[in-house]
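Reviewing the structure listed below.
So that the names make sense, note that chain A is the first sequence line, chain B the second, and so on, each numbered from 1.
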Amino acid sequence: MENISKEILVQMLERMWLIRHFEVRVMEVHSAGEFTGAAHPYIGEEAVAVGACAALEDTDYIAGNHRSHGHPLAKGGSVKGAMAELYGRVDGYCKGKGGSMHLADFSIGILGESGIVASSVPVATGAALAAKIRGEKFVSVVFFGDGASNQGACHESMNLASLWKLPVIFLCENNQYAVTTSYHDSVAVEHISDRAAAYNMPGVLVDGQDAVAMYEASREAVKRARAGEGPTLIEALTYRFEEHSLGLGRVRRGEYRTEDEVGEWRLRDPILVHEQTLIDHGILTREECDAVSAAKASEVEEAIDFARNSPYPEPDDLFEDMWADPIPAP
Amino acid sequence: MENISKEILVQMLERMWLIRHFEVRVMEVHSAGEFTGAAHPYIGEEAVAVGACAALEDTDYIAGNHRSHGHPLAKGGSVKGAMAELYGRVDGYCKGKGGSMHLADFSIGILGESGIVASSVPVATGAALAAKIRGEKFVSVVFFGDGASNQGACHESMNLASLWKLPVIFLCENNQYAVTTSYHDSVAVEHISDRAAAYNMPGVLVDGQDAVAMYEASREAVKRARAGEGPTLIEALTYRFEEHSLGLGRVRRGEYRTEDEVGEWRLRDPILVHEQTLIDHGILTREECDAVSAAKASEVEEAIDFARNSPYPEPDDLFEDMWADPIPAP
Amino acid sequence: MASNAIYIEAINQAIIEEMERDTSVFIMGEDIRRSVYGATAGLLDRFGENRVLDTPLSENGFFGAAIGASLVGMRPVVETLTSFMWVAMDQLVSQAAKMRYMFGGQATLPVVYRATMFYGGGSAAHHSDRSYPMFMNMPGFKILVPATPRDAKGLLKTAIRDNDPCIVFEDGTLSGAAGEIEAGDAALVPFGVADVAREGSDVTIVAIAGAVPMALRAAEELEADGISAEVIDPRTLVPLDKGTILDSVGKTGRLVVVDPAHKVCSAASEIASIVSEEAFWDLQAPIMKVAAEQVHIPYTPVLERLVYPSAEKVVTAARATMDE
Amino acid sequence: MASNAIYIEAINQAIIEEMERDTSVFIMGEDIRRSVYGATAGLLDRFGENRVLDTPLSENGFFGAAIGASLVGMRPVVETLTSFMWVAMDQLVSQAAKMRYMFGGQATLPVVYRATMFYGGGSAAHHSDRSYPMFMNMPGFKILVPATPRDAKGLLKTAIRDNDPCIVFEDGTLSGAAGEIEAGDAALVPFGVADVAREGSDVTIVAIAGAVPMALRAAEELEADGISAEVIDPRTLVPLDKGTILDSVGKTGRLVVVDPAHKVCSAASEIASIVSEEAFWDLQAPIMKVAAEQVHIPYTPVLERLVYPSAEKVVTAARATMDE
Ligand SMILES: Cc1ncc(C[n+]2csc(CCOP(=O)(O)OP(=O)(O)O)c2C)c(N)n1
Ligand SMILES: Cc1ncc(C[n+]2csc(CCOP(=O)(O)OP(=O)(O)O)c2C)c(N)n1
Ligand SMILES: [Mg+2]
Ligand SMILES: [Mg+2]
């Protein structure tokens with residue numbers, strides 16, 4: 001805590017509030033029918049991406065998964081670009097072609113979110129491979145879930161990264177469930193971070209509700225990676241406050257997790273935790289914290305206005321963006 | 001050693017000699033051009049499959065890989081059927097359709113060898129799942145290599161098997177190399193058996209040149225499996241005495257492993273080791289051991305005669321065996 | 001006795017009836033106990049944890065486990081989405097499809113993969129696959145594409161009783177479609193028998209899965225301008241009922257094939273190639289393919305709807321064959 | 001300056017020339033440092049361990065790592081066999097093929113997969129895949145099928161310089177085939193330009209990869225009975241040079257398509273469907289497909305040789321179109 005700059009401590013609060021307001025409003029406008037398709041709220045898990053990305057430079061890379069709004073916003077991606085993408089407009093990150101599950105802002109190293117679980121893990125490993133081959137110092141971080149950790153892609157990537165000492169950080173967001181499946185019913189080991197031993201790499205178990213803890217663990221892993229010492233597996237213990245996905249009404253919380261359990265985790269809301277830290281250490285006052293929240297709320301409103309006013313793609317755009325070196329359509 | 005029946009101790013020698021003579025003759029007739037295609041000699045690794053299968057009943061199942069001749073012979077598959085398959089004849093296990101990499105004798109629980117590395121691991125896991133669902137006592141054993149252990153299929157199967165406590169034994173034949181790649185350059189952890197911890201299952205490191213050690217470790221794992229206590233990962237340290245595959249002349253041993261290394265391992269020839277054990281314990285005499293060898297040598301000769309005299313399939317057989325419930329060819 | 005049901009209910013009933021009938025049938029998939037996708041509602045209560053398995057997120061692992069279980073006497077039904085089959089192609093292709101032939105007929109694999117195709121609803125490129133043409137190219141799967149509740153139930157029941165690997169491509173755009181279904185054995189629908197969904201004499205429209213209702217709407221429009229269209233639903237692509245298609249073209253001399261899959265090397269391509277070889281002399285006009293554009297599925301609805309076949313596109317294609 | 005080389009040497013030269021030319025090019029695969037499959041001979045000595053990577057047996061992992069490296073400025077060349085692509089379909093389909101479009105053109109993936117098709121030599125069902133039709137159905141890959149040393153070298157060099165994911169389906173039956181090749185930029189072969197391997201006026205034979213030499217042998221036989229066959233090698237299937245095929249059919253009125261892949265939903269099916277739609281009025285006979293039988297590849301040589309197209313089958317098909 002001592003050796004963390006005030007700037008970073010405050011920025012983490014700003015980004016958590018940004019994500020929180022973004023997600024709350026997304027749930028509202030989605031249920032109001034302003035756009036359709038699945039969307040997976042990151043509410044409750046903000047400290048994970050925010051703490052990890054606070055340890056990164058703009059020249060570092062991240063890749064993520066279907067729970068996709070928090071990662072790019074934590075890395076500093078454009079809020080307007082993210083919102084416009086959800087609205088399916090031309091000013092979205094992906095010109096409306098990707099949508100919620102495929103947010104990506106390559107301009108600041110966001111290599112994209114993957115709807116197919118664990119599928120971005122080898123990709124992020126490859127970005128790190130490029131750093132090693134070229135002798136450059138950038139690192140890459142990949143966010144994936146507890147459920148995803150059971151995919152072969154994770155095993156193959158972790159083995160490869162450790163063998164070749166690649167500067168990649170495997171960041172497992174253990175929010176306790178994969179849709180309705182408890183990780184105790186899907187992961188055969190107690191802590192996913194224990195699996196790091198199977199690849200001879202450090203495995204770290206972190207309180208994912210505490211941005212400072214996330215930042216410190218990530219900074220350590222980034223240091224290792226930049227020093228050429230190889231990958232780290234970080235397991236962040238966190239919790240999904242909302243349901244798995246918007247538009248999956250069929251699954252009711254009560255059916256697979258109790259109100260009590262949800263309630264207890266809500267007491268450890270990552271934003272409350274971090275604000276308390278800032279206040280206790282005299283870094284911000286309650287009023288200043290509230291001002292941060294208000295500022296981010298209006299940033300999100302601006303993004304919604306922007307998105308609403310952004311045009312939809314033109315029919316001809318359908319055939320654009322398939323190829324870097326175009327070929328005739330069949 | 002004490003509580004191993006003489007019958008089993010002798011049978012293990014018989015099966016090792018059977019495999020050894022089978023492989024030596026296969027190398028001869030293959031280079032004489034009696035049949036073509038790849039074939040992967042098991043010479044030097046006999047104790048692994050033989051020790052493991054000695055712990056099984058006929059009602060148990062095995063599945064294997066491209067290094068495929070030792071597994072079915074160790075399980076008690078027909079020698080004639082195996083040889084005729086290599087010759088591509090109708091009396092082969094697979095009527096000549098499978099060849100060396102796809103030996104399979106379903107009549108005694110040999111679910112088949114897979115040319116695609118690690119691909120039979122989920123299949124064997126599924127046979128064990130059937131035992132659990134039906135509440136039956138059979139177990140399944142899957143043989144795979146050190147190279148194969150890096151495939152995602154192993155990770156997913158081990159996690160599944162441990163979660164559901166399936167009666168399957170993951171038997172990793174660590175013969176030190178995958179073609180020309182040392183396992184130190186492909187497996188990020190020192191011992192593959194250490195990976196068992198990542199799935200909360202026992203991992204056992206065994207001297208794969210010692211049939212008795214293999215039998216004891218396997219018997220223990222089978223006991224656990226039948227008792228419903230779940231899977232075991234066994235890593236057998238062994239060595240491929242010959243080259244990776246017949247017909248891969250391009251790869252010369254000297255290029256990736258030294259003559260000295262090969263020489264040292266040859267001193268621990270699993271047949272020498274086991275014969276010494278039998279003689280030391282007064283179970284067989286040198287002469288009796290030689291008689292076993294001679295008997296198996298002639299069994300292999302008979303199989304070769306049988307194979308040579310077995311007819312090739314008829315052209316119409318091309319369209320047979322596609323479907324259990326046939327449909328018209330398109 | 002017949003009753004009314006929607007497509008997703010018909011699937012649920014097929015599973016229940018076959019699990020009741022045969023204790024070797026069990027079902028596995030992700031979050032099926034709580035029926036996240038709707039087709040497995042009530043199964044856990046009825047059949048218990050031993051026969052209704054929630055799996056970890058490891059498709060290659062559990063698709064393969066289903067194969068292994070089927071080899072030793074079980075009849076697994078696996079629930080998935082088409083888009084999750086890519087991670088399991090190892091087990092699907094190298095084991096399920098190839099095993100029986102490779103082992104000279106020793107292996108029998110009565111395994112059924114229920115793969116839902118979610119497309120048309122803003123699911124974007126990762127969740128909108130219509131991949132049956134790729135599986136048609138690989139020998140070893142019986143491939144079913146039900147377009148009605150009756151066929152969704154009947155083909156699934158037949159698949160569960162069939163002794164070969166089957167893939168049922170369930171069309172998500174039809175989940176809510178209602179229709180009449182039978183119960184028990186009366187509900188069984190045979191493989192390799194196309195359904196003439198509408199009789200006509202001027203042009204043959206072969207339509208697959210979600211394209212069938214489009215083709216029927218198109219046929220009504222065409223009738224308005226005096227064009228009589230025959231609509232054929234193959235129902236199963238492997239085996240394919242060539243006879244019914246060839247006979248119809250023999251009558252009409254004109255063919256439009258409508259396929260929601262990507263058009264290159266599609267089922268439509270295959271059917272067109274068969275007709276151009278085996279019914280060439282009956283043809284009085286070029287064979288028209290109406291299939292998905294060769295781009296990925298864009299998220300934004302304004303673009304997504306342009307990708308797939310539509311009644312309008314079918315009408316235009318059918319008219320074009322008549323103008324010749 | 002031109003020289004003589006066999007197919008596998010031509011591939012080796014293409015890799016060497018492009019790695020010399022551009023330091024962002026690197027190669028990865030299994031046992032490539034010792035060139036187990038022959039195409040990577042001498043690379044380790046020339047370019048060192050940093051650019052010639054032996055990988056663990058984890059195709060999904062390293063195929064995906066190649067994608068990630070390509071996203072940030074590298075130009076990976078991945079060596080594999082077609083039969084090992086199944087375990088990596090996740091990365092091939094969900095990432096390589098879809099990424100650029102899904103991300104609205106932000107992603108650029110100059111990655112090349114060199115996939116050898118080993119068939120015809122007793123490799124059996126697990127090692128004999130000719131899977132390009134399945135990849136043709138999935139948008140996003142440029143698909144190359146060189147049939148000569150010149151094209152093996154030229155198409156690979158073009159692929160390495162191209163900015164999209166490319167799959168080169170190298171035909172193992174041609175590894176030893178000799179021919180003339182150019183050096184440097186003169187060796188580049190453009191995508192989407194078919195090669196008229198032989199001119200003729202009576203029947204058009206479109207042949208793919210290993211089928212090209214068969215078609216040329218067939219053409220000679222046909223000439224003996226006074227039938228003049230034009231042999232077209234598309235060389236690239238995505239993009240496909242439709243124009244050259246349609247023009248040829250416009251001249252001959254007859255088409256035989258020869259494809260070593262399984263015949264259902266094959267490249268042959270696609271080409272037949274294009275011609276039956278776009279050149280229908282030029283056709284004077286049914287379009288004949290000569291492709292692999294819809295069974296897996298049996299090990300025993302007496303059966304395996306029956307599966308694939310052959311010069312004899314092509315001659316028979318061509319004659320059949322003439323008899324009409
Ligand atoms: C390969 C694959 N299988 C299944 C799915 C369907 N699916 C989407 S999210 C999800 C759960 C993922 O759980 P986890 O990895 O823990 O991430 P979380 O949603 O909890 O953040 C599933 C099963 C998918 N998208 N991809
Ligand atoms: C998925 C896949 N990738 C690559 C190959 C090619 N290949 C065949 S055997 C082999 C090495 C296997 O090594 P290991 O698993 O250690 O078994 P061993 O040959 O040493 O017994 C390789 C790379 C294959 N058959 N399947
Ligand atoms: Mg989770
Ligand atoms: Mg090995």
Please flag which part of D:L53 lies under 4.5 Å from any non-hydrogen atom of chain A: side chain, backbone, both or neither.
side chain
As an exercise: rank A:A130, A:A118, A:G99 by heavy-atom pairs under 4.5 Å with chain D and give me the winner.
A:A130
Answer with side chain, backbone, both or neither: which region of A:I110 has an atom nearer than 4.5 Å to a non-hydrogen atom of chain D?
neither
Check D:D90 against A:A153 and note the closest heavy-atom contact, atom names and distance.
OD2-CB, 4.5 Å
Carefully, step by step, assess D:F26 and A:I133 under the rule side-chain contact (heavy atoms from CB on, under 4.5 Å).
CA-CA 9 Å; D:F26 71 100; A:I133 292 176; 3.7 Å; yes
With a 4.5 Å heavy-atom cut-off, do A:L129 and D:M28 have their side chains touching?
yes
Separation between CE (D:M99) and OG (A:S119), nearest 0.5 Å, reads 7.5 Å
Would you say D:Q91's side chain and A:P122's backbone share a donor-acceptor pair under 3.5 angstrom?
no
For D:Q95 and A:V123, indicate whether the former's side chain and the latter's backbone hold a donor-acceptor pair under 3.5 Å.
no
So, the part of D:M136 with a heavy atom under 4.5 Å from chain A: the answer is neither
Close side-chain approach of A:L163 and D:P56, heavy atoms under 4.5 Å
yes
In short, A:F138 meets D:V72 closest at the heavy-atom pair CZ-CG2, 4.3 Å
For the pair D:K142 and A:W323, evaluate side-chain contact (heavy atoms from CB on, under 4.5 Å) and give the outcome as yes or no after the intermediate values.
CA-CA 9 Å; D:K142 291 175 179 174; A:W323 307 106; 3.7 Å; yes
Applying a strict 4.5 Å limit to non-hydrogen atoms, the region of D:T55 in contact with chain A is both
Is there a side-chain contact (heavy atoms from CB on, under 4.5 Å) between A:C94 and D:M102? Walk through the geometry before answering.
CA-CA 7 Å; A:C94 311; D:M102 185 163 91; over 6 Å; no
Closest approach of D:T108 and A:A324, non-hydrogen atoms and distance?
CG2-CB, 4.1 Å
Donor-acceptor pair, side chain of D:Y101 and main chain of A:E320, under 3.5 angstrom:
no
Sort A:E113 into side chain, backbone, both or neither according to what part of it lies under 4.5 angstrom from a heavy atom of chain D.
backbone
Honestly, the part of D:E59 sitting under 4.5 Å from a heavy atom of chain A is backbone
I'd like to verify something: which residue of A:A104, A:P328, A:A131, A:P313 has the highest number of heavy-atom pairs under 4.5 Å with chain D?
A:A104
Side chain, backbone, both or neither: which part of D:F63 has a non-hydrogen atom closer than 4.5 Å to chain A?
neither
Looking at D:F103, does the NZ or CZ of A:K97 lie under 6.0 angstrom from its six-membered ring centre and within 45 degrees of the ring axis?
no
Only pairs of heavy atoms separated by less than 4.5 Å count here; which of A:Q151, A:R134, A:H155 has the most with chain D?
A:R134
Between D:K98 and chain A, with a heavy-atom cut-off of 4.5 Å, which part of the residue counts as in contact: side chain, backbone, both or neither?
neither
Point-to-point distance, once rounded to the nearest 0.5 Å, from CG of D:N60 to CG of A:L160:
11.5 Å
At a heavy-atom separation under 4.5 Å, does A:A124 approach chain D through its side chain, its backbone, both, or neither?
neither
Just so I know, are the side chains of A:Y61 and D:L71 near enough to count as touching, which here means a heavy-atom distance under 4.5 Å?
no
Spell out, as yes or no, whether a donor-acceptor pair under 3.5 Å connects the side chain of A:D325 to the backbone of D:D162.
no
Which heavy atom of D:R100 sits nearest a heavy atom of A:M322, and at what distance?
CD-O, 3.7 Å
